[in-house]
Amino acid sequence: INIKDPFLFPNDLKMQICSYYGEDVEIIPLIIIRNQVDLIFSQYVEEYNLKKYKNFDLLFNEKKEINIEGFEIYNFSKYIATLESVFGKKDVNIFLFEDFIYNFETCCERLAKIMKLEFSLVKSLLSSSHVNKKKKTDKGYFTKDGKTLIPFLSDRQKKEIRMFYREDNNKLMRQSNINSEYIKKNYL
């Protein structure tokens, strides 16, 4: 598999947009970050068919231990710094996934302002698109086909993931204007 370094993607994307639309095009980067424990678990459930049909486990090694290799893109401080260096610090807009859950209207207002659209349009569009919503039980999530229950991660496994991203999340809290209470509660 020829996998490209995801930290090169922002520059490649900017070059592609500018080559098609010209150098004067306005690019408004939006990034939505989510606490890594929930994000990685959600991705694991979403891509469980890799394990089921191809015997490729995204999250666990042969010993059934957490293996974060390949999830470096979720070092958000580093990725946001990359975006800011390519597009300019003032142009990068950061949202927390958790805000879309707990402060939906505020997020819609902010998006509408950034994109110069009507609030009602943004709210309507975002309210009607839940493509990745999974069936949840008190034990875990079902895969898309509804046939396989993926049990929630244990507290120890969650702690391992948090520890892997702790240093980067501490940088994120110091560097950004993000509501640090969410980061403290959910990311560290």
Side-chain angles (χ1 to χ4, degrees), residues 1-47 49-50 56 58-59 68-134 144 164-165 167-180 182-183 186-187:
I1 298 176
N2 186 10
I3 299 175
K4 190 166 188 174
D5 181 347
F7 289 93
L8 300 176
F9 181 70
N11 192 56
D12 291 352
L13 183 62
K14 182 178 181 180
M15 287 178 17
Q16 289 173 4
I17 292 169
C18 289
S19 71
Y20 190 79
Y21 293 103
E23 294 292 323
D24 294 334
V25 67
E26 180 182 21
I27 302 172
I28 305 170
L30 301 171
I31 182 169
I32 300 171
I33 63 174
R34 183 178 186 184
N35 81 69
Q36 291 95 338
V37 171
D38 291 344
L39 177 60
I40 289 171
F41 182 69
S42 179
Q43 183 176 350
Y44 182 67
V45 172
E46 189 70 24
E47 298 181 26
N49 282 340
L50 287 172
F56 180 77
L58 287 175
L59 187 55
I68 307 292
E69 187 177 325
F71 289 100
E72 291 81 7
I73 190 64
Y74 300 143
N75 281 306
F76 296 130
S77 173
K78 181 179 176 185
Y79 196 71
I80 290 167
T82 301
L83 287 170
E84 291 173 345
S85 73
V86 171
F87 296 103
K89 186 173 178 109
K90 68 176 180 52
D91 293 325
V92 176
N93 296 277
I94 305 162
F95 288 82
L96 294 175
F97 175 84
E98 293 81 3
D99 276 336
F100 279 96
I101 305 300
Y102 302 112
N103 300 312
F104 181 69
E105 291 207 3
T106 303
C107 286
C108 291
E109 288 171 4
R110 187 170 162 220
L111 269 173
K113 184 178 177 183
I114 291 166
M115 298 171 74
K116 301 172 184 119
L117 296 170
E118 291 293 322
F119 165 77
S120 58
L121 174 65
V122 172
K123 183 178 177 185
S124 171
L125 290 171
L126 291 178
S127 295
S128 62
S129 58
H130 296 282
V131 277
N132 277 343
K133 198 166 190 171
K134 299 164 190 72
K144 278 190 226 180
F164 182 83
Y165 294 105
E167 184 179 329
D168 189 75
N169 284 341
N170 276 323
K171 285 182 191 174
L172 178 66
M173 212 164 53
R174 288 189 304 268
Q175 291 173 320
S176 68
N177 60 354
I178 298 173
N179 180 342
S180 63
Y182 278 125
I183 295 172
N186 297 316
Y187 292 62

(message) My understanding is that only residues two or more places apart in sequence, or in another chain, count here; which of them pass ring-ring contact (aromatic ring centres under 6.0 Å, His included) with Y44?
(response) Y48, F60
(message) Please find the pair of heavy atoms, one from P6 and one from Y79, that lie closest to each other, and give the distance.
(response) O-CE1, 3.5 Å
(request) State whether the side chain of E47 and the backbone N or O of L58 hold a donor-acceptor pair below 3.5 Å, judged by distance alone. (result) no
(message) As an exercise, state the distance from CZ of F7 to CG of D12, rounded to the nearest 0.5 Å.
(response) 14.0 Å
(request) Hey, could you give me the SG/CG distance between C108 and L125, rounded to the nearest 0.5 Å? (result) 9.5 Å
(request) Hey, could you give me the CD1/NZ distance between I28 and K116, rounded to the nearest 0.5 Å? (result) 5.0 Å
(message) I'd like to know if the side chain of E72 reaches the main chain of G70, judged simply by a donor and an acceptor atom lying under 3.5 Å from each other, with no hydrogens or angles considered.
(response) yes
(message) Between E84 and V92 (side chain of the first, backbone of the second, donor and acceptor by atom type, cut-off under 3.5 Å), is there such a pair?
(response) no
(message) Please find the pair of heavy atoms, one from I40 and one from L59, that lie closest to each other, and give the distance.
(response) CG2-CD1, 3.5 Å
(request) Rounded to the nearest 0.5 Å, what's the gap from CD1 on I32 to CG on L96? Could you check? (result) 10.0 Å
(message) Distance check, rounded to the nearest 0.5 Å: E109 atom CD versus K123 atom NZ?
(response) 9.5 Å
(request) With the side chain counted from C-beta on, respond yes when L111 and L30 share a heavy-atom pair under 4.5 Å apart, and no when they do not. (result) yes
(request) Measure the spacing between CG of N75 and CD1 of I68 and express it to the nearest 0.5 Å. (result) 10.5 Å
(message) Any side-chain to backbone donor/acceptor pair from D168 onto F76? Under 3.5 Å, distance only.
(response) yes
(request) Check whether any side-chain N or O of N93 sits under 3.5 Å from a backbone N or O of D91 as a donor-acceptor pair, and report yes or no. (result) yes
(message) Taking C107's backbone N and O only, do any of them form a donor-acceptor pair with D99's side chain (distance below 3.5 Å, no angle check)?
(response) no
(message) As a quick check of understanding, evaluate side chain to side chain contact (heavy atoms under 4.5 Å, CB included) for Q36 and N169, giving each step before the final call.
(response) CA-CA 10 Å; Q36 291 95 338; N169 284 341; 3.0 Å; yes
(message) Do Y74 and R34 have side chains that approach each other closer than 4.5 Å (heavy atoms only, starting at C-beta)?
(response) no
(request) Taking all heavy atoms of F71 and all of Y165, pick out the closest pair and write down the distance. (result) O-OH, 2.7 Å
(request) Write down the atom of K171, the atom of S77, and the distance for their closest heavy-atom approach. (result) CB-OG, 3.4 Å
(request) Using a cut-off of 6.0 Å, state whether more than 12 heavy atoms not belonging to Y21 lie near its atom OH. (result) no
(request) Provide the closest heavy-atom pair for C18 versus E23 in the form atom of the first, atom of the second, distance. (result) CB-OE2, 3.7 Å
(message) Using every non-hydrogen atom in the two residues, find where P10 and F87 come nearest and quote the distance to one decimal.
(response) O-CZ, 3.7 Å
(request) Considering only NZ, NE, NH1 and NH2 on the basic side and carboxylate oxygens on the acidic side, decide whether K144 and E46 come within less than 4.0 Å. (result) yes
(request) Decide yes or no for N170 and M173: does some side-chain heavy atom of the first lie under 4.5 Å from some side-chain heavy atom of the second? (result) yes
(request) Using the side-chain contact (heavy atoms from CB on, under 4.5 Å) rule, pick out the option among L172, I80, L83 that qualifies with I94. (result) I80
(message) Strictly distance-based, threshold 3.5 Å: is any side-chain N or O of S42 a donor or acceptor partner for the main-chain N or O of D38?
(response) no
